[in-house]
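In what follows, every heavy atom counts, from backbone to side chain, and hydrogens, waters and symmetry copies are set aside. Values in this document were obtained by computation on a predicted structure and should not be read as measured data.
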Amino acid sequence: MFWTRDLGFSAPALVRVGERDRVRASLAYALGVWSRRGTHVTTTINYGDRPADVFPYGVDSLPLILAALRAAGAEDPRVQEVPSTKGLL
C-alpha cells in the first residue's frame, strides 16, 4: 500500500538521511499509477495498484505530493522516470 500523506511528511527527512532514490522511486510509482488509472492524486494506492481516497476527498494529498516532489529535487534532470503529471494536478 502507498499512503500519500506518509510520503509527503517523511520525504524531507528521508532525503536528508540519503534515501533520495527511494523517495524518487516511490514518487515514480505513485505518479505512474495515477497516470495509468487516469485519476487524481488520492490519499492511498491499495494493493493491485488501485487508487482510492480513504476520506471523501483528501484535500492535503496534492500539497503533500508536491512537497515530496520538491524534497526529492524534482527539478533535477535525473528525475526523468517520474511520468508526466498532466491531468493529475
Beyond-backbone contact of Pro51 with Thr44, side-chain heavy atoms, under 4.5 angstrom: no
Trp3 CH2 to Asn46 CG distance, which is reported to the nearest 0.5 Å: 7.5 Å
Val17 reachable from Leu7 in the ILVMFWY side-chain graph, under 4.5 Å edges: no
Heavy-atom closest contact (Ala52 atom, Thr42 atom, distance): O-CB, 3.4 Å
Contact check, side chains of Arg5 and Asp60, non-hydrogen atoms, under 4.5 Å: yes
Point-to-point distance, once rounded to the nearest 0.5 Å, from CG of Leu27 to CG of Leu66: 10.0 Å
Side-chain heavy atoms of Leu69 within contact of Leu31, under 4.5 Å: yes
Between CE on residue Met1 and CG on residue Asp49, distance to nearest 0.5 Å: 12.0 Å
Nearest heavy-atom neighbours spanning Val23 and Ala72: CG1-CB, 3.8 Å
Distance-minimising heavy-atom pair for Thr4 and Leu64: O-CB, 4.4 Å
Separation between CG of Asp6 and OG of Ser26, rounded to the nearest 0.5 Å: 11.0 Å
From CG (Asp21) to CG (Leu14), nearest 0.5 Å: 12.0 Å
Smallest separation among heavy atoms of Gly8 and Ala68, with atom names: CA-CB, 4.2 Å
Thr43 side chain near Phe2 side chain, heavy-atom distance below 4.5 Å: no
Arg50/Val33 under side chain to side chain contact (heavy atoms under 4.5 Å, CB included): CA gap, chis, key distance, verdict: CA-CA 8 Å; Arg50 294 172 308 171; Val33 168; over 6 Å; no
Within 6.0 Å of CZ in Arg22, more than 12 heavy atoms from elsewhere: no
